[in-house]
Amino acid sequence: MPVRVRMAPSPTGLLHIGNVRTALFNWLYARHEGGEFRLRIENTDTSREVAEAVDQIKESLSWLGLDWDGPLTFQLDRMDDCRQVADGLVADGKAYEDEGAIRFRMPDEGSTGWDDVVRGRVEIPNETIEDLVLIRSDGRPTYNFASPMEDVWDGITHVIRGEDHISNTPKQINIIRAVGAEVPVYAHVPNVSGPDGKKLSKRHGAVTVDEFRKDGYLPEALLNFLALLGWAPDGETTIMSRDELVERFLLERVSPSPAQFDYAKLDWMNGIYLRELSSQEFAHRLVMWLGENGYEWDAQRVSRAAPLVQEKIARLAEFPGFAGFLFGEVEPDPAELDGGAPMLAATEEALVSLEPFEAESIETALRAAADGLGLKPRQAFQPVRVAVTGSKVSPGLFESIELLGRETTLSRLRAAAAVVA
RNA sequence: GCCCCCAUCGACUAGCGGUCCAGGUCGCGGCCCUUUCAAGGCCGUAGCACGGGUUCGAAUCCCGUUGGGGGCACCA
């Protein structure tokens with residue numbers, strides 16, 4: 001039987017990164033096995049927010065490149081089927097009515113167990129499982145009834161989900177057995193917690209896909225990082241393309257112990273991916289990101305500035321802070337200009353009629369100017385950098401000056417000179 | 001309270017009885033390079049939670065303790 005897995009989010013908000021990690025394992029398994037990855041929405045009502053949330057979930061998955069197979073299905077559409085099954089269970093004496101609701105009769109003795117792909121044999125005493133409500137008194141099925149039934153109807157072969165579902169599993173297995181269907185294989189993957197071991201939340205940093213996107217992470221880097229949370233192909237490999245991930249992913253190698261989300265490592269990895277991009281592609285991503293985030297900066301200029309920062313930033317969102325001086329005014333801190341008057345003047349003089357006005361010639365001219373004043377490059381360029389870029393930290397000075405252009409550079413040098421004077 | 005899960009450097013992990021006085025990556029520290037910041041190169045730091053077994057031999061198997069986490073809804 002071909003493998004078929006699913007991601008079953010509830011449309012309550014933006015896609016959480018923890019859910020993405022679980023979805024990723026499902027997707028990787030499906031693609032590795034040549035099976036199907038289904039997307040099913042576990043909605044229970046028809047409020048307007050649902051439609052928006054569904055669109056956001058689809059948009060996030062698309063951005064990440066996690067494509068799903070077959071039609072998108074909704075729990076809502078199977079409520080009648082659930083009720084029918086519940087009625088049948090009542091007729092068979094396997095469920096009973098209780099104050100308007102329908103409850104499933106769980107076995108009282110023995111235990112319910114399964115061979116979990118990541119945890120091995122798990123056995124839960126039946127006496128600890130309460131009779132479960134199948135249908136609420138208002139007629140709607142509960143999650144623990146609808147979910148396993150949908151798995152049955154969809155022909156799901158492997159249920160790969162978070163470990164928080166472990167206690168639901170024996171309940172669902174009993175229901176599936178009661179309706180005479182085949183029980184799927186279960187794999188409970190470990191949870192992802194915050195850097196402090198607590199539940200990953202907003203105060204730790206980005207948590208939804210949208211936030212990571214806004215922070216300037218690349219989807220391929222995010223996936224690579226997420227894949228390594230609870231799984232590793234071996235003890236050496238860390239950087240893997242999407243294809244390599246698919247090729248090497250083995251569900252049996254997923255670790256049962258929980259992992260902490262390390263933002264610093266994600267940043268490092270994103271930087272690796274950013275630097276591996278061709279300069280054209282890097283520029284393209286920058287332009288796209290800026291466009292998505294409200295920056296109306298000239299694409300041509302952004303593309304020319306891109307090479308100056310490609311090795312310096314770890315996230316696309318750092319670009320404005322690094323290269324903003326090319327797109328707007330600067331306000332140098334007078335204190336950082338202190339003592340720079342001679343070099344500012346010398347620089348202005350050196351650049352006034354320099355030809356050609358290019359990084360290489362600019363460098364030669366400025367080094368000569370520094371030399372003439374008996375200054376070390378380090379101390380000489382500092383005030384010039386501050387005057388021109390507005391900061392002590394910037395892309396290469398000479399390239400920056402070339403890009404900025406003679407006029408703007410000279411006016412900034414004069415403005416700074418006026419301040420120190 | 002009851003049930004379940006987990007346990008190797010600060011973090012992610014490799015290790016599935018001897019090849020491990022435990023390897024890789026991030027982070028951190030140092031050095032080199034250097035116009036700032038990065039990037040890059042080199043070196044270094046740091047771990048098998050504890051206690052019992054089993055075995056000629058345990059990070060690897062078993063039991064217990066401790067410590068984390070999850071679940072006990074007419075939520076999903």
Side-chain angles (χ1 to χ4, degrees), chain A residues 8-12 41-44 75 98-103 111 116 118-120 122-130 132-147 162-171 188 190-193 195-199 225-239 252-253 255-269 271-272 274-275 308-314 318 321-322 336 363 366-367 370 375-382 384-386 389 391-401:
Chain A
S10 57
T12 51
I41 304 298
E42 311 258 273
N43 61 329
T44 49
Q75 193 170 77
D98 176 29
E99 301 200 26
I102 296 178
R103 265 183 205 278
S111 64
D116 198 285
V118 339
R119 280 153 216 282
V122 179
E123 206 83 41
I124 312 287
N126 286 330
E127 56 183 331
T128 65
I129 309 173
E130 292 197 334
L132 175 80
V133 169
L134 262 24
I135 306 291
R136 300 179 176 87
S137 51
D138 68 0
R140 290 154 55 221
T142 58
Y143 164 78
N144 271 315
F145 179 42
S147 185
E163 66 176 322
D164 46 318
H165 283 287
I166 290 180
S167 58
N168 287 329
T169 304
K171 302 173 187 172
H188 290 92
N191 284 330
V192 174
S193 63
D196 56 0
K198 298 289 195 307
K199 189 174 166 62
F225 174 78
L226 252 22
L228 258 18
L229 249 32
W231 172 80
D234 53 48
E236 318 294 312
T237 318
T238 56
I239 301 298
E252 302 72 38
R253 279 189 67 89
S255 157
S257 56
Q260 293 186 17
F261 198 101
D262 184 350
Y263 288 90
K265 186 166 184 176
L266 207 213
D267 279 1
W268 164 78
M269 190 173 283
I272 295 284
L274 242 26
R275 273 170 256 127
L308 306 195
V309 303
Q310 189 164 6
E311 290 208 340
K312 297 179 182 296
I313 66 178
E318 290 174 44
F322 248 86
E336 295 176 347
E363 175 167 5
L366 293 205
R367 283 188 187 283
L375 294 171
K376 295 281 189 193
R378 198 182 203 83
Q379 33 181 185
F381 299 149
Q382 165 92 332
V384 177
R385 182 187 306 282
V386 170
T389 73
S391 170
K392 287 196 292 188
V393 176
S394 79
L397 221 210
F398 318 117
E399 291 79 3
S400 293
I401 289 176

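From a predicted model like this one, the values you see are computed outputs, not experimental measurements. Naming: A, B, ... by sequence-line order, numbering from 1 per chain.
Residue A:K312 contributes atom NZ, which lies 8 Å from atom C1' of B:A39 at whole-angstrom precision. One interatomic measurement links the two molecules: CD1 of A:I313 to C1' of B:U36, which rounds to 17 Å at whole-angstrom precision. Computed from coordinates, the A:L308 CG to B:U35 P distance equals 17 Å when rounded to whole Å. Atom CD of A:E363 and atom P of B:U36 are 12 Å apart (whole Å). In this entry the distance linking CG of A:D116 with P of B:C5 reads 10 Å, nearest Å. Look at CD on A:E163: it is 15 Å from P on B:C4, rounded to the nearest Å. If you take CD of A:E318 and P of B:U36, they are 19 Å apart, rounded to a whole angstrom.
Under a 3.5 Å cut-off, the side chain of A:S111 and the backbone N or O of A:E123 do not form any donor-acceptor pair. Side-chain atoms of A:R385 never come within 3.5 Å of backbone atoms of A:V393 as a donor-acceptor pair (strictly under, hydrogens ignored). Proximity of a side-chain donor or acceptor of A:D262 to a complementary backbone N or O of A:P195 within less than 3.5 Å is not detected. Listed for the A:D267 side chain is no donor-acceptor partner under 3.5 Å among the backbone atoms of A:A314. Panel note: side chain A:T128, backbone A:P125; a donor-acceptor pair is recorded below 3.5 Å.
Residue-level contact check: A:D267 touches neither bases nor backbone, having no heavy atom under 4.0 Å from any strand. Residue-level contact check: A:S257 touches the backbone only, with heavy atoms under 4.0 Å from sugar-phosphate atoms and none from bases. As judged by a 4.0 angstrom heavy-atom cut-off over every strand, A:T128 is placed among residues touching the sugar-phosphate backbone only. The residue A:F398 sits close to a base: some heavy atom pair falls under 4.0 Å. Among the protein residues, A:L397 comes within range of the nucleic acid bases, having at least one heavy atom under 4.0 Å from a base atom. Among the atoms of the strands shown, none is found under 4.0 Å from any heavy atom of A:G100. Across all strands, A:Q382 comes closer than 4.0 Å to no nucleic acid atom at all (heavy-atom distances). Contacts of A:A101 with the nucleic acid, taken as non-hydrogen atoms under 4.0 Å apart, include base atoms. Here A:R385 lies in heavy-atom contact (under 4.0 Å) with a base. As judged by a 4.0 angstrom heavy-atom cut-off over every strand, A:R367 is placed among the base-contacting residues. When heavy atoms are screened at a 4.0 angstrom cut-off, A:P190 is found touching no nucleic acid atom at all.
Ranking B:U13, B:U35, B:C4 by closeness to the A:P377 side chain, first place goes to B:U35. Between B:U36, B:A76, B:A39, one nucleotide has an atom nearer to the side chain of A:S394 than all others, and that is B:U36. Closest to the side chain of A:E99, out of B:U35, B:C74, B:A76, is B:C74. With B:C37, B:C4, B:A39 as the candidates, the nucleotide lying closest to the side chain of A:F322 is B:C37. Of the candidate nucleotides B:G69, B:U35, B:A76, B:A76 has the atom lying nearest to any side-chain atom of A:T142. With B:C6, B:A73, B:G69 as the choices, the nucleotide that has an atom nearest any side-chain atom of A:R119 turns out to be B:C6.
Between A:N168 atom CG and A:H188 atom NE2 the span is 7.5 Å, to the nearest 0.5 Å. In this structure, the separation between OG1 on A:T142 and CG on A:L132 is 5.0 Å, given to the nearest 0.5 Å. With rounding to the nearest 0.5 Å, the separation of CZ in A:R367 from CZ in A:F381 is 5.0 Å. The distance from atom NZ of A:K265 to atom CG of A:L228, rounded to the nearest 0.5 Å, is 6.0 Å. Once rounded to the nearest 0.5 Å, the distance linking CD of A:E130 with CZ of A:R103 reads 7.5 Å.
Between the C1' atoms of B:A7 and B:C12, the separation comes to 15 Å (whole Å). Here the separation of B:U54 from B:U60, taken at their C1' atoms, is 13 Å to the nearest Å. Straight-line distance between the C1' atoms of B:C50 and B:C31: roughly 40 Å, to the nearest whole Å. For B:G18 and B:G10, the C1' atoms lie 31 Å apart once the distance is rounded to whole Å. The gap from the C1' atom of B:C74 to that of B:C16 amounts to 46 Å, rounded to the nearest Å. Straight-line distance between the C1' atoms of B:G51 and B:U13: roughly 27 Å, to the nearest whole Å. Here the separation of B:U55 from B:G70, taken at their P atoms, is 40 Å to the nearest Å. The P atoms of B:U25 and B:A58 are separated by 30 Å, rounded to the nearest whole Å.
Residues A:L228 and A:R378 both approach RNA chain B. Their nearest nucleotides, taken by heavy-atom distance, put A:L228 toward the 5′ side. Both A:I272 and A:V122 lie near RNA chain B, and the one whose nearest nucleotide falls closer to the 5' end is A:V122.
The aromatic rings of A:F261 and A:F225 sit perpendicular, their planes meeting at an angle over 60°, well past the 30° parallel limit.
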remark   = B/S/- along nucleotides 43-50 of chain B (protein heavy atoms under 4.0 Å) is --------
remark   = Quick tally for nucleotides 18-27 of chain B: nucleotides whose base has a protein heavy atom under 4.0 Å get B, sugar-phosphate-only ones S, the rest -, giving -----BBBS-
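If you check distances only, the side chain of A:S137 does reach the base of B:C74 with a donor-acceptor pair under 3.5 Å.
With sequence neighbours left out, the side chain to side chain donor-acceptor pair (under 3.5 Å) criterion links A:D164 to no other residue.
Base pairing analysis places B:G44 opposite B:C28; the two distances defining the Watson-Crick or G-U wobble pair are each below 3.5 Å. B:G1 is paired with B:C72 under the criterion used here, namely a Watson-Crick or G-U wobble arrangement in which both key atom distances are under 3.5 Å. Figure legend. B:U19 is base-paired to no nucleotide; pairs are counted as Watson-Crick or G-U wobble with both atom distances under 3.5 Å. Pair assignment for B:A49: B:U65, on the basis of Watson-Crick or G-U wobble contacts that are both within less than 3.5 Å. Nucleotide B:U35 has no partner under the Watson-Crick or G-U criteria, as no pair reaches both atom distances under 3.5 Å.
Side-chain N/O atoms of A:R140 include none lying less than 4.0 angstrom from OP1 or OP2 on B:C74. Remark: A:R253 is in phosphate contact with B:G15, judged by side-chain N or O atoms under 4.0 Å from OP1 or OP2.
Here the closest heavy-atom approach between residue A:E163 and residue A:P258 is recorded as OE2-CB, 4.2 Å. Considering all non-hydrogen atoms of both residues, A:E42 and A:A8 come closest at CG-O, 3.3 Å.
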